[in-house]
Amino acid sequence: MTPPTAHVDQIARIKIDLDHFEPSIWRRVEVPLTTSLKGMHDVIQAVMPFENRHLFDFRFDLDGKPRRYGIPDPEGWIQISDAKSAKLGALIERGLKRFVYTYDFGDDWRHMLTIEATGSADPGLDYPRFVDGARRAPPEDVGGIPGFEEFLEAIATLKHPERKRLIEWYGGAFDPDDINVPAIQANIAKLARRRALGKAAFAKSRGLTS
């Protein structure tokens, strides 16, 4: 069995691709192998960015069996494991290379996550870390891929009858080519600070700091 501390200084580089949309909307991140799938959800929300207002799940096959992780159903009607209970490092060790993340089961934003590499963390960097990406993610509640395509067409057409209403609904201009790196960096920095505080509290509880 792998010791709990085995992945403390190891990271995975992961590419996140929004499915079924061209030109491609994607992000690349680096996250500690100690990150749970719930933590991975938080990272995706931060870098797309979405607003974390809907349910989500991760799906993949492992050991020849389909797996699904998300928020457990208290009624037990939906068979789904707790996303907090699965860590990236353990899953990668068991052969996980690609997996699907779906956010908002109504709009159905499906993403393919690909493990590109694993390795040692840079002690001079904070994690999780946004590396790069392209194009702005869809607005919340826009109506899935069809609604997003209609939204983009409307805001790009000056005389479109829905253009003014949709810009007001969104809250301002929407440039599909502008990934809005400052907003992403601010979001991911909050997660990195939260992780740093958690590590410091854990170290203190174990008497590892003075």
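All residue numbers in this chain count up from 1 along the given sequence.
- Expressed to the nearest 0.5 Å, how far CZ of R68 lies from OG1 of T102 amounts to 8.5 Å.
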query: When you look at R136 and N180, which way does the side chain to side chain contact (heavy atoms under 4.5 Å, CB included) test go after all the steps?
result: CA-CA 7 Å; R136 186 165 295 196; N180 197 359; 3.4 Å; yes
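- Between D63 atom CG and L96 atom CG the span is 10.5 Å, to the nearest 0.5 Å.
- Across all their heavy atoms, I80 and P72 have their closest contact at CG2-CA, 3.8 Å.
- Chaining together hydrophobic side chains whose heavy atoms lie under 4.5 Å apart places V100 alongside M112.
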Would you mind writing out the side-chain donor-acceptor pairs for residues 123-130 within the sub-3.5 Å range, not counting sequence neighbours?
{"unit_1": "Y127", "atom_1": "OH", "unit_2": "D122", "atom_2": "N", "d": "2.9"}
{"unit_1": "R129", "atom_1": "NE", "unit_2": "E30", "atom_2": "OE1", "d": "3.1"}
{"unit_1": "R129", "atom_1": "NH2", "unit_2": "E30", "atom_2": "OE1", "d": "3.1"}

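- Of the options D177, D175, D178, a side-chain hydrogen bond (donor to acceptor under 3.5 Å, both in side chains) to R135 is made by D177 and by none of the others.
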- request: Would you please test F174 and L166 for side chain to side chain contact (heavy atoms under 4.5 Å, CB included) and show each step?
  value: CA-CA 10 Å; F174 183 97; L166 287 173; over 6 Å; no
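- Of all heavy-atom pairs between T157 and E153, the closest is OG1-O, 2.8 Å.
- Each of L33 and V131 belongs to its own hydrophobic cluster when Ile, Leu, Val, Met, Phe, Trp and Tyr are linked at side-chain heavy-atom distances under 4.5 angstrom.
- Using a 4.0 Å cut-off between charged nitrogen and carboxylate oxygen, E162 and R165 count as a salt-bridge pair.
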Solution key, residues 40-50 side-chain donor-acceptor pairs under 3.5 Å, sequence neighbours excluded:
{"unit_1": "H41", "atom_1": "ND1", "unit_2": "Y101", "atom_2": "OH", "d": "2.7"}
{"unit_1": "H41", "atom_1": "NE2", "unit_2": "N52", "atom_2": "OD1", "d": "2.8"}
{"unit_1": "D42", "atom_1": "OD1", "unit_2": "K38", "atom_2": "NZ", "d": "3.0"}
{"unit_1": "D42", "atom_1": "OD2", "unit_2": "K38", "atom_2": "NZ", "d": "3.2"}
{"unit_1": "D42", "atom_1": "OD2", "unit_2": "R194", "atom_2": "NH2", "d": "3.1"}
{"unit_1": "Q45", "atom_1": "OE1", "unit_2": "N52", "atom_2": "N", "d": "2.6"}
{"unit_1": "Q45", "atom_1": "NE2", "unit_2": "Y101", "atom_2": "OH", "d": "3.0"}

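- Annotation for I179 and G133: closest pair CD1-C, 3.5 Å, computed over non-hydrogen atoms.
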message: Run the side chain to side chain contact (heavy atoms under 4.5 Å, CB included) test on L91 and R67 for me, step by step, so that the C-alpha distance in whole Å, both residues' side-chain angles and the decisive distance to 0.1 Å come before the verdict.
response: CA-CA 11 Å; L91 294 173; R67 312 280 179 167; over 6 Å; no
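- For Y69, there are no side chain to side chain donor-acceptor pair (under 3.5 Å) partners, not counting sequence neighbours.
- What you find for A173 and I167 is that their closest heavy atoms are N-CG2, 4.3 Å.
- Pairs of residues two or more places apart, or lying in two chains, that qualify as salt bridge (charged side-chain N to carboxylate O under 4.0 Å, His left out) and include a residue from residues 98-108 are D108-R110.
- To the nearest 0.5 Å, the span separating CZ on R27 from CD1 on I14 amounts to 15.0 Å.
- Hydrophobic clustering places F60 together with L113 (ILVMFWY residues linked when any side-chain heavy atoms are closer than 4.5 Å, directly or through intermediates).
- The same ILVMFWY cluster, assembled from side-chain heavy atoms under 4.5 Å apart, contains both F151 and F21.
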query: Do F99 and L37 pass the side chain to side chain contact (heavy atoms under 4.5 Å, CB included) test, and can you show the C-alpha distance, the side-chain angles, and the key distance before you say yes or no?
result: CA-CA 11 Å; F99 53 116; L37 289 181; 4.2 Å; yes
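- The CD1 atom of I71 lies 8.5 Å from the NZ atom of K84; values are rounded to the nearest 0.5 Å.
- A pairwise comparison of heavy atoms in P176 and L152 identifies CB-CD2, 4.0 Å as the closest pair.
- The CD1 atom of I145 lies 8.5 Å from the CG atom of D19; values are rounded to the nearest 0.5 Å.
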message: Test ring pair (Phe, Tyr, Trp, His ring centres under 6.0 Å) on H54 and Y103; report intermediate values, then the result.
response: CA-CA 7 Å; H54 300 282; Y103 171 64; 5.7 Å; yes
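- No chain of hydrophobic side-chain contacts below 4.5 Å, direct or via other Ile, Leu, Val, Met, Phe, Trp or Tyr residues, connects I184 to W26.
- Residues satisfying the side chain to side chain contact (heavy atoms under 4.5 Å, CB included) test with E116, not counting sequence neighbours, are R13, K15, R28.
- Closest heavy-atom contact between I25 and A137: CG2-CA, 4.2 Å.
- To the nearest 0.5 angstrom, R163 atom CZ is 7.5 Å from I155 atom CD1.
- Below 30°, between 30° and 60°, or above 60°: for F56 and F58 the angle between ring planes is above 60°, a perpendicular geometry.
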